[in-house]
Structures are given as structure tokens and as C-alpha cells.
Amino acid sequence: MALHAFLVLVLAAIGVLVHAHGALVVDTAPDTPRPYVLPNLKGGAVDFGGLIIRTLVSNSTSAGALSVLGANSGPSGLSIIHSHKQVETFYTIKGSVQVFHNTNQGRELRANDFVLLAPGSNHTYRFNDPDCQLTLCLAPGGVEGLFTAVGSPYNSSAPFNPEDKPQLNVTEVLELFPKYGITPAPYNTIDLDWTNGTTRDGLGTWHVADQPLPNDAATPYFISSNLGPKYLHRSTGQVIGLLASGTQTNNKLTVATVAMKPGSQPAAVTFDVHQALQVTEGQLHLEMNHETVTMTFGDLAFIPKGTFFSYWSTVGFTKFVTWSAGPGLADSLIKEAEQWNHAVWPA
Ligand SMILES: *[C@@H]1O[C@H](CO)[C@@H](O)[C@H](O)[C@H]1NC(C)=O
Ligand SMILES: *[C@@H]1O[C@H](CO)[C@@H](O)[C@H](O)[C@H]1NC(C)=O
Ligand SMILES: *[C@@H]1O[C@H](CO)[C@@H](O)[C@H](O)[C@H]1NC(C)=O
Ligand SMILES: *[C@@H]1O[C@H](CO)[C@@H](O)[C@H](O)[C@H]1NC(C)=O
Ligand SMILES: *[C@@H]1O[C@H](CO)[C@@H](O)[C@H](O)[C@H]1NC(C)=O
């Protein structure tokens, strides 16, 4: 056999192997930590009283570090008031959801608005919009076990079922709460009295002014789109919007947005924590495991600790949210960044 033909065969065999090992794109979150990309609205799903919950990163995917869940719904009733042992965050992807906590504070979260519910803070929520999607993250992980145990399997490409007649066995839910670190507070009363998407305390800031992060891990808080602390990583044209760091989560979680300008593929990086990122605008190229995937709205990537990856964009404006179970990509970018008062990079 000519050397040339031999090389072609060898390369073809390697290609097949890489392909078999690659297959980054999956339909459900794997049960062990491995790199993957889950397209928008994929992932094991259950109908939990009309709310469709999709597991994007499970407790076993992340070896216990965190759970990332997608929630889709139309207008809904108010959920049972409760608190968690875990840190819980909501990042609104589209539509709107009202979130109330600790008897007195409430905000309407629209796209790119954020809330952190500190461990022990009573809260409840209600979806408002005809087409809502939000991404929940709880650290440590495992809460999807509750939804799977009580919900009914949902197997449809519809984000949720607008003809659904929601059914939930509330007795069963309450019985299972303690196993998942949840405490119901049915006799708690929360102030639902608000104007312009906020209770009185937020009138001067919500969707209007900058909002700081608290200096402790016990205070629940809200950050409206682009109005939390921001940093510019000038050399790469990335703007990092910090939503939660180790200080607010007892080192369990960092949550941030990254908006980035177009550029060419940078060198790969790696971190010592499990992390996930979800695209909210534009188009992101992600290379890991020798495979490149192009991600758009709602697509989520899971990047296990120790995985080398690089990400870049070739379109005008790309933005993603990142969650890391400890200091990860956002923390590292911020270390090399300057404080910045804008949502986009300079010309
Ligand atoms: C989550 O995973 C961790 C580590 O595997 C395990 O110890 C824990 O029991 C799990 N939690 C739940 C609720 O399944
Ligand atoms: C889900 O729906 C798809 C397409 O209709 C079908 O092929 C598949 O068997 C269903 N899976 C389950 C578990 O019902
Ligand atoms: C609801 O759950 C409880 C506790 O698991 C069970 O005893 C009861 O039969 C269930 N009710 C219905 C209507 O399924
Ligand atoms: C949560 O609600 C319960 C029951 O109403 C109450 O005892 C507890 O103090 C509340 N916790 C906080 C942090 O407000
Ligand atoms: C609510 O918003 C409207 C329209 O911007 C404004 O006129 C009104 O003063 C606001 N209400 C309060 C209580 O701030």
C-alpha cells in the first residue's frame, strides 16, 4: 500500500475514534461528569403541576456540586412559600416571573434579571408571561430528585403544554420536601403589594439604578439586567456582569454574564471546578474534547473541572451566563479586568 493511502486510512480511523469519543451534543444530561452540550429545550423533563422542569445539569453530572434546571411555563399560581438549605438562583431567560422573599421584598424578573435566595430565606414565585423560561441553579445539587419523584414524565418539544390541566399531589410534595433540604412555610405571609414590578423598597433601583451585591452569604437579593457590578476584560473585549460570587454563596457558586465581541479562537483554558454556560444572545463557538460546537439561544454546555476548552464568537454580539461551583471562568476574567460602568465593550 502506498504511504499516502495508508496515511489516509489511519487519519480516517482517528477521525472515527474522535467522532465516537466526541459526540458532545446530547439529549439528556449524562450521569457522570463529562463535557457535553445540551441544546435549548432538551434534557430529561417532567411536568410539575404545569411547570415543565428540564434537568440541564444533574447532581450526578456534577458529582454533587450543583443542579441546573430549566423551567418553562405560562401564567401560573403562586407556589408554596418555602426555603432551601441550598443556595438558589434564578436567571430569567424570557418572559417574566414574580419572586417574593422574606415577607417584604418582591420583584418582577424579566429577561436577564437575577435573584439569589440565600439558604433559609422564605420565598415564593409566580409566572406572569404567556411564554416564560428561566434557569434555576441550586448548590449543592440534587433538587431535581424531588421534581422527578413527584412530576409526571413530559415528552414533547413544546416548551410547556398550554392545554395542561395541572395536577400535583401537594401531600406528596410536602412529605418529600425534607429529603431535598426544603422547608415549607405555609403560614408565612408575603407582601404581594407592589407597583411597577417591585415592592416599595425597589422603586428607586429596580430596572433603574445600579444594585450592589451584599457582603455576606445570608442576604437574599435581586439584580436587574446589566445593573450589577461589571468588569471589562479589555484585551479580549469581554464584559463580565457579576451576579454572585463566593462571598454571597459561602464559596459554593459563582454566577455571571459574559458579553463578548467577535474574534478568533483563543488558547484553551481549564479550571478546577465544574461549570456550565448557557447562551442568551448571538452565537458562541465552543471547543472541548477536540470537537467544536456552535451554540445559540438557550444551548447549555457543561465543562467538568480539568477540561480544556476555548470559546469565541464571530458575530456582532454574543452573551452567555455562567455558573461555576467555586471560582471559575468569570472569577478568572475579573482578576484581569477593570471596573466598568457599561454593558458593552468600548469601540
Ligand atoms: C448529590 O450527590 C452527592 C455526591 O454524589 C450525594 O452525596 C448526595 O446525596 C446527592 N444528593 C441528592 C439529593 O441526591
Ligand atoms: C418521546 O417521544 C418521541 C417522539 O415522539 C418518541 O420517539 C419516544 O419514544 C418517546 N419517549 C418516551 C420515553 O415516551
Ligand atoms: C397523594 O400522596 C399521598 C402521600 O404520598 C398518598 O397517600 C395519596 O394517596 C396521594 N393522593 C392521590 C390522589 O394520589
Ligand atoms: C420563614 O417562615 C417561617 C414560618 O412562617 C418562620 O418561622 C421563619 O422565621 C421564616 N424565616 C425567615 C428567615 O424569615
Ligand atoms: C410607576 O411608573 C409610572 C410610569 O413610569 C410612573 O409614572 C409612576 O410614578 C411609577 N409609580 C411609582 C410609585 O413609582
Side-chain angles (χ1 to χ4, degrees), residues 46-51 53 77-90 96-113 115-126 128-129 136 138-140 142-154 164-211 213-227 244 247-250 252-253:
V46 295
D47 182 336
F48 185 74
L51 178 64
I53 310 243
L78 206 62
S79 80
I80 303 169
I81 299 177
H82 64 279
S83 63
H84 303 263
K85 277 189 188 152
Q86 306 90 327
V87 181
E88 180 176 42
T89 65
F90 289 16
S96 71
V97 57
Q98 300 176 337
V99 181
F100 305 88
H101 68 66
N102 285 9
T103 77
N104 53 10
Q105 289 194 300
R107 302 283 187 277
E108 178 179 49
L109 272 63
R110 301 199 300 248
N112 304 305
D113 293 342
V115 61
L116 181 143
L117 299 155
S121 59
N122 293 316
H123 59 274
T124 183
Y125 53 86
R126 168 165 67 198
N128 301 328
D129 194 82
L136 312 174
L138 281 90
V143 78
E144 67 279 5
L146 171 70
F147 300 119
T148 311
V150 184
S152 41
Y154 183 78
D164 201 7
K165 308 250 180 309
Q167 281 178 341
L168 199 57
N169 184 336
V170 175
T171 311
E172 195 186 357
V173 174
L174 291 174
E175 279 175 6
L176 282 168
F177 266 2
K179 184 174 171 196
Y180 295 98
I182 308 176
T183 309
Y187 305 113
N188 196 291
T189 51
I190 279 190
D191 182 4
L192 302 177
D193 180 20
W194 69 6
T195 315
N196 293 352
T198 172
T199 40
R200 181 173 294 276
D201 61 287
L203 278 171
T205 52
W206 191 236
H207 291 138
V208 180
D210 284 345
Q211 294 135 45
L213 306 187
N215 280 321
D216 61 77
T219 310
Y221 62 94
F222 300 93
I223 301 286
S224 55
S225 176
N226 288 323
L227 290 174
T247 307
Q248 291 79 33
T249 65
N250 259 327
K252 290 196 170 59
L253 189 65

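Residues take their numbers from the sequence shown, with the count starting at 1. Every number for a ligand or one of its atoms is a count from 1 in the order of the listing.
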Asn122 N/O under 3.5 Å from ligand 4 N/O: yes
Residue pair Ile223 / Leu213, side-chain heavy-atom distance below 4.5 Å: yes
Ring geometry between Phe90 and Tyr125 (parallel below 30°, tilted from 30 to 60°, perpendicular above 60°): perpendicular
Shortest protein contact, atom 3 (C) of ligand 5 (heavy atom only): Asn196 ND2, 3.4 Å
Shortest protein heavy-atom distance from atom 5 (O) of ligand 3, along with the residue and atom involved: Glu175 OE1, 3.4 Å
Short N or O distance, Asn188 and ligand 4, threshold 3.5 Å exclusive: yes
Identity and separation of the nearest protein heavy atom to atom 14 (O) of ligand 5: Leu203 CD2, 3.6 Å
Polar contact flag, side-chain donor to acceptor under 3.5 angstrom, His207-Glu108: no
Residue Gly120 vicinity, atoms of ligand 4 by number, heavy atom under 4.0 Å: 13 (C)
Enclosure of Asp216 CG (heavy-atom neighbours >12, cutoff 6.0 Å): yes
Shortest reach to atom 6 (C) of ligand 3 by a heavy atom, considering only Asn169, Val150, Leu168, Leu174: Asn169
Short side-chain donor-acceptor distance under 3.5 Å, Arg107 and Thr199: yes
Side-chain donor/acceptor of Gln211 to backbone N/O of Ser224, under 3.5 Å: yes
Residue pair Ser121 / Ser83, side-chain donor-acceptor N/O under 3.5 Å: no
Proximal atoms of ligand 4 relative to Ala185 (non-hydrogen, under 4.0 Å): 2 (O), 4 (C)
Atom 9 (O) of ligand 4: any protein heavy atom closer than 4.0 Å: no
